[in-house]
Amino acid sequence: MIDLAFVRANLPVVEEKLRSRGMDPAVALGDFASIDKERREAITEVETLKARRNKLTEEIARLRKSGADATAVTEETKSLKSEVETLEARATAADERLKTILQTIPNLPQDDVPVGSDEHGNIAEKHWGAKPAFDFTPRPHWEIGEALNILDFNRASKISGSRFVVHFGAGARLERALANFMLDLHTREHGYTEVLPPYMVNSKSLFGTGQLPKFAEDLFHCDDKGPYEPGNFQDGDHWLIPTAEVPVTNLFRDETIEESQLPISFCAYTPCFRSEAGSYGKDVRGMIRQHQFQKVELVKFVRPEDSEREHEALTRHAETILERLELPYRRMLLCTGDMGFASSKTYDLEVWLPGQQLYREISSCSNFESFQARRANIRYRPAGAKKSEHLHTLNGSGLAVGRTYLAILENYQQADGTIRVPHALVPYMNGDTVIGKQQSRS
RNA sequence: GGAGAGAUGGCAGAGUGGUUGAAUGUACCGCCUUGGAAAGGCGGCAUACUCGAAAGGGUAUCCAGGGUUCGAAUCCCUGUCUCUCCGCCA
């Protein structure tokens, strides 16, 4: 959520930033200025009336205590009641309207984010690694995986439906090896603390990180308590997490952290569940787009003045995984039109997939500045300061394990159909250097 | 799933309808005292919104949401969470 006071004081800037995101400020902001004014006027009126009421009730208490008759004052207070209720309803309505506007406005892009309408406006900031050369035609991962009997899409769809996969044998171990490798690297060399959070969260958490109320249709909701109503935080509801960002960022919801504790760096390996509503017919083959995939997520809580530097560092931590695995990639600076709702600046890391002859996103590293901290009410107290402030949150995939898996299949495939194990992964594969054909299941 | 108890400021813990935003203790900050410290003494110490140039007001907040009442931390209803016991269970 962006800051109400900031919008009020910088309306032209906000409009310009929204326009750069491809939004119509008139639609997004509505009649912000007049609603804001109306809200404040209504609040002033209600509070004046309430102040009067409070004075009268005090008067009643005094009169009663001294044994005097308080009937007249009691009657006046009674008559105030409906007036207060009417005005209060107006103030609440205006407040709700303003809240709705603020909650549905995306974060404002940083000044160095390129303006663009879609992914074509993204800028490749760097390329790393040489694309592997093959003396045969490299195949896509689904063909490789099925031929080796390590991936089974048909049985997955039988037991669960479309967009699922089953791993077998050395293939299942490869997934586990990747997760362990990533967690070890981030905890031992990059200073992250490993977290194992719940895989289900409540609505408040999803509001905190920005998935709700706007993106409910992308999530799996587990409770049969009727449809989700924006603004209605049903207590006790459960949603499957779409990313570990949600539980981990919300660890500090409604908390104030001492400045000396910052920065706080967490990494978490979790499954991620996404409904993929609206992506029918897209990436239907292979394990690019699944309802469930595993991911190692990096999350940081930092001082505002450190967030840009920390964003670069976090992105480097994700890149390091790709480099240790010797997977060619490029870093994309996302343009205004391609950034996520809560982000002020995002780098996507895209890995080269020779089987498909294209780059695919394998990590997304974002600086949310105070956007999530404001929604989730996460604060820190600057040393010596009286008032606490919202801190900055960041996160990035480090990496999406499923996509790393398929990148290895495609980049490390050999003419005989087997997979060479990247050097960094050999210790995590019981010393095996090759993944060969597994026992047939059919 | 059944039965019961509870949720108050950083922490502990009073408060069962009326100057209670909330006693008291403790922690924390400042000052006094000291060669320095401890102990002791004095003072300060929630958040959000809103009015105001500021000083300083006002409103709301005692888990959350409703209700009763002139007035609710206190009474009633619903929900959430925590604890105890029983059942079930990895």
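Per chain, numbering begins at 1; letters A, B, ... match sequence-line order. Since this is a predicted model, take the numbers as computed values, not measurements. Keep in mind that the numbers below use all heavy atoms, side chains included, and drop hydrogens, waters and symmetry copies.
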Steps toward salt bridge (charged side-chain N to carboxylate O under 4.0 Å, His left out) verdict (R360(A), E410(A)): CA-CA 12 Å; R360(A) 281 311 289 249; E410(A) 297 199 9; over 6 Å; no

Ion pair check, R62(A) and E59(A), cut-off under 4.0 Å: yes

Pairwise N/O distances under 3.5 Å, protein to nucleotides 73-76 of chain B:
none

Pair R289(A) + E276(A): basic N to acidic O under 4.0 Å: yes

Pairing of R309(A) and E312(A) as salt bridge, 4.0 angstrom limit: no

Pairing of K204(A) and D254(A) as salt bridge, 4.0 angstrom limit: no

Touch class at under 4.0 angstrom, heavy-atom based, for I60(A) against every strand present: base

Which residue lies more 5' along RNA chain B, comparing V73(A) with E58(A) via nearest heavy atoms: E58(A)

Nucleic acid contacts of residues 31-41 of chain A, taken as heavy-atom distances under 4.0 Å to RNA chain B: R39(A), R40(A)

Using nucleotides 60-63 of chain B, report all nitrogen or oxygen pairs with the protein that are shorter than 3.5 Å.
residue, atom, partner, partner atom, Å
A60(B), OP2, N54(A), ND2, 3.4

N107(A) (side chain) donor-acceptor with F368(A) (main chain) under 3.5 angstrom: yes

Distance below 4.0 Å between R379(A) side-chain N/O and A48(B) OP1 or OP2: yes

Note: E41(A)-K37(A) ion pair, threshold 4.0 Å (strictly below): yes

Out of C70(B), U47(B), U50(B), whichever nucleotide has its closest atom nearest the side chain of T44(A): U50(B)

